[in-house]
Amino acid sequence: MTGDAGDMLSWDESVFRDESVFEIDHVPETFRHRESQLENLKYALRPAVRGSRPLNTMVRGPPGTGKTTAVQKLFGELGARTEVRTVRVNCQVDSTRYAVFSRLFEGIFEYEPPSSGISFKKLFGQITDRLVEEDEVLVVALDDVNYLFYENEASDTLYSLLRAHEAHSGAKIGVIVVSSDLGLDVIDDLDTRVQSVFRPEEVYFPVYDATEIYDILAERAKRGFHEGVIGDAELERVADLTADSGDLRVGIDLLRRAGLNAEMRASKTVSEEDVEDAYDKSKHVHLSRSLRGLSESERDLVRVLAEHDGERAGAVYDAFNDETDLGYTRYSEIINKLDQLGVIDAEYADVDGRGRSRELSLAYDAEAVLDRLE
């Protein structure tokens with residue numbers, strides 16, 4: 001290590017004032033550059049405060065543009081100031097209708113439903129009965145609703161929520177669907193029975209521009225680091241790398257990793273080298289998040305793809321079948337999901353003498369994928 005002893009951290013010192021500020025799911029006290037989106041969401045939810053069903057809302061935008069944070073901020077305000085009941089469901093984790101309603105049950109009763117032996121109908125009935133008994137309005141946020149579409153569960157889930165007031169008179173439920181998949185047309189991909197009742201308000205979250213990114217990251221750095229830990233030049237570099245990725249979560253993760261790199265050197269300040277070294281991992285934050293939500297067989301297929309990158313789809317299937325014993329139908333379903341998630345690119349191409357076949361390739365470096373599967 002280099003530098004004067006005064007520039008070095010002692011064993012009980014840290015560059016962090018509050019490391020939790022750099023967690024991806026941290027809800028910041030100050031939420032900048034989303035004023036119009038927040039106002040639109042408040043407009044849709046205002047009827048709930050008066051005891052009526054709120055307007056259903058569709059929130060769309062690329063990853064890392066503040067959609068989840070906006071919902072969490074508003075739900076926090078509603079919970080603190082009103083009697084409106086709010087439940088946010090992470091559909092990457094709860095990707096079936098039953099799982100979604102189990103999460104709603106837990107949010108309302110404050111304990112989990114029995115893990116087995118309770119039908120969906122009974123689960124649904126207990127939720128709506130409680131809402132009617134307590135004369136409560138429930139606002140449900142289906143965060144990352146695209147995962148319900150990947151599992152073909154979106155139409156059934158939304159139909160049950162949107163028709164709740166017909167099945168159980170007096171039940172008042174409003175729905176916010178949040179999607180980061182811009183290739184997904186939420187309305188068109190729903191069954192016609194759902195389309196006829198789901199006409200949501202739309203709120204779009206665009207990518208932050210360079211000035212907004214710097215402003216947000218500077219605020220996080222101020223709250224998360226001790227004074228003087230990161231300089232203007234290093235912060236500018238973090239902001240530039242974040243702007244290149246288009247995902248604010250990359251920058252937030254990058255600040256934390258750069259701070260950890262500084263601590264590893266026992267330095268009281270973050271250097272540009274700390275930032276550059278951290279970027280190799282932070283740039284894959286979206287990949288890491290996507291892989292965490294996969295089932296074991298889905299992860300198996302990603303691993304096979306990484307190990308057979310560039311080979312024909314037939315060879316990939318043979319290797320996947322050897323490893324898992326799963327058939328072609330399940331293989332094809334997983335390929336579609338991974339393609340929709342942006343983990344792979346699956347494109348149809350003409351193959352000599354065999355018509356059209358899908359060409360599969362990873363959307364990321366194979367080594368980076370394998371590292372994150374371990």
### Message
According to salt bridge (Lys or Arg N to Asp or Glu O under 4.0 Å), who are the partners of Glu201, at least two apart in sequence or on a separate chain?
### Response
none
### Message
What I'd like to find out is whether the side chain of Val71 reaches to under 4.5 Å of the side chain of Asp143, using heavy atoms alone.
### Response
no
### Task
Walk me through it: do Leu9 and Val15 pass the test side-chain contact (heavy atoms from CB on, under 4.5 Å)?
CA-CA 8 Å; Leu9 287 172; Val15 299; 4.0 Å; yes
### Message
Checking Tyr279 now: which residues fulfil side chain to side chain contact (heavy atoms under 4.5 Å, CB included) with it, not counting sequence neighbours?
### Response
Leu241, Val250, Leu254, Lys283
### Message
Could you work out, with ring-ring contact (aromatic ring centres under 6.0 Å, His included) as the rule, every residue matching Tyr98, not counting sequence neighbours?
### Response
none
### Query
Are Glu263 and Ser14 close enough that a side-chain donor and a side-chain acceptor fall under 3.5 Å?
yes
### Hydrophobic cluster of Tyr204, others only, ordered by chain and residue number, side-chain cut-off 4.5 Å
Leu182
### Task
Could you tell me whether the side chain of Tyr147 reaches within less than 4.5 Å of the side chain of Gln340, counting heavy atoms only?
no
### Query
Of all residues at least two apart in sequence or in a different chain, which pass the ring-ring contact (aromatic ring centres under 6.0 Å, His included) check with Phe149?
none
### Task
Determine whether the side chains of Asp215 and His33 contain a donor N or O and an acceptor N or O closer than 3.5 Å.
yes
### Message
Between Tyr317 and Phe320, is the ring centroid distance below 6.0 Å?
### Response
no
#### Entry: For Val140, the option from Val177, Leu104, Asn56 that meets side-chain contact (heavy atoms from CB on, under 4.5 Å)
Leu104
### Message
Leu291 vs Val302, test: side-chain contact (heavy atoms from CB on, under 4.5 Å). Steps then yes/no.
### Response
CA-CA 9 Å; Leu291 295 178; Val302 174; 4.1 Å; yes
### Task
Go through the steps to decide whether Val87 and Phe75 satisfy the test side-chain contact (heavy atoms from CB on, under 4.5 Å), and finish with yes or no.
CA-CA 8 Å; Val87 181; Phe75 277 15; 5.9 Å; no
### Task
Could you tell me whether the side chain of Val316 reaches within less than 4.5 Å of the side chain of Ile335, counting heavy atoms only?
no
### Message
When you compare the side chain of Leu373 with that of Asp371, does any pair of heavy atoms fall below 4.5 Å?
### Response
no
## Note on the structure
Residue set satisfying side chain to side chain contact (heavy atoms under 4.5 Å, CB included) with Val49, at least two apart, ordered chain then number -> Leu78, Thr82
### Task
Output, in order, the C-alpha distance, side-chain angles, deciding distance and verdict of salt bridge (Lys or Arg N to Asp or Glu O under 4.0 Å) for Lys281 and Asp253.
CA-CA 9 Å; Lys281 290 186 176 178; Asp253 189 69; over 6 Å; no
### Message
For Phe22 together with Phe225, are the ring centres under 6.0 Å from each other?
### Response
yes
#### Entry: Pairs satisfying side-chain hydrogen bond (donor to acceptor under 3.5 Å, both in side chains), at least one member in residues 232-243, at least two apart
Arg237-Glu276
### Task
Hey, can you tell me if Tyr111 and Phe109 have their rings parallel, tilted or perpendicular (30° and 60° cut-offs)?
tilted
### Query
According to the side-chain hydrogen bond (donor to acceptor under 3.5 Å, both in side chains) rule, which pairs have a member within residues 158-168, sequence neighbours left out?
Arg97-Ser160, Thr128-His168, Arg163-Glu166
### Query
Just wondering, more than 12 heavy atoms not from Glu272 lying within 6.0 Å of its CD?
yes
### Query
Are Asp277 and Glu273 close enough that some pair of their side-chain heavy atoms sits under 4.5 Å apart?
yes
### Message
So, taking the atom named CE in Met8 and the one named OG1 in Thr269, what distance separates them when rounded to the nearest 0.5 Å?
### Response
9.5 Å
### Message
By the salt bridge (Lys or Arg N to Asp or Glu O under 4.0 Å) test, which pairs, at least two apart or in different chains, include something from residues 44-67?
### Response
none
### Message
Can a side-chain donor-acceptor contact be found between Asn321 and Tyr328 if the only test is distance below 3.5 angstrom?
### Response
no
### Task
Using the test side chain to side chain contact (heavy atoms under 4.5 Å, CB included), find all partners of Ala243 that sit at least two apart in sequence or belong to another chain.
Ile213
### Asp191 side chain to Val194 backbone, donor-acceptor under 3.5 Å
no
### Task
Sorted by first residue and then second, give each salt bridge (Lys or Arg N to Asp or Glu O under 4.0 Å) pair with at least one member in residues 320-339; sequence neighbours left out.
Glu151-Lys337, Glu298-Arg330, Glu298-Lys337, Arg330-Glu333
### Task
Assess whether side-chain contact (heavy atoms from CB on, under 4.5 Å) is satisfied between Asn336 and Ile334, documenting all intermediate values.
CA-CA 5 Å; Asn336 289 337; Ile334 298 174; over 6 Å; no
### Asp300-Ser297 side chain donor-acceptor pair, cut-off 3.5 Å
no
### Task
Would you list the pairs meeting salt bridge (Lys or Arg N to Asp or Glu O under 4.0 Å) in which at least one residue belongs to residues 220-231, sequence neighbours left out?
Glu29-Arg223, Glu219-Arg223
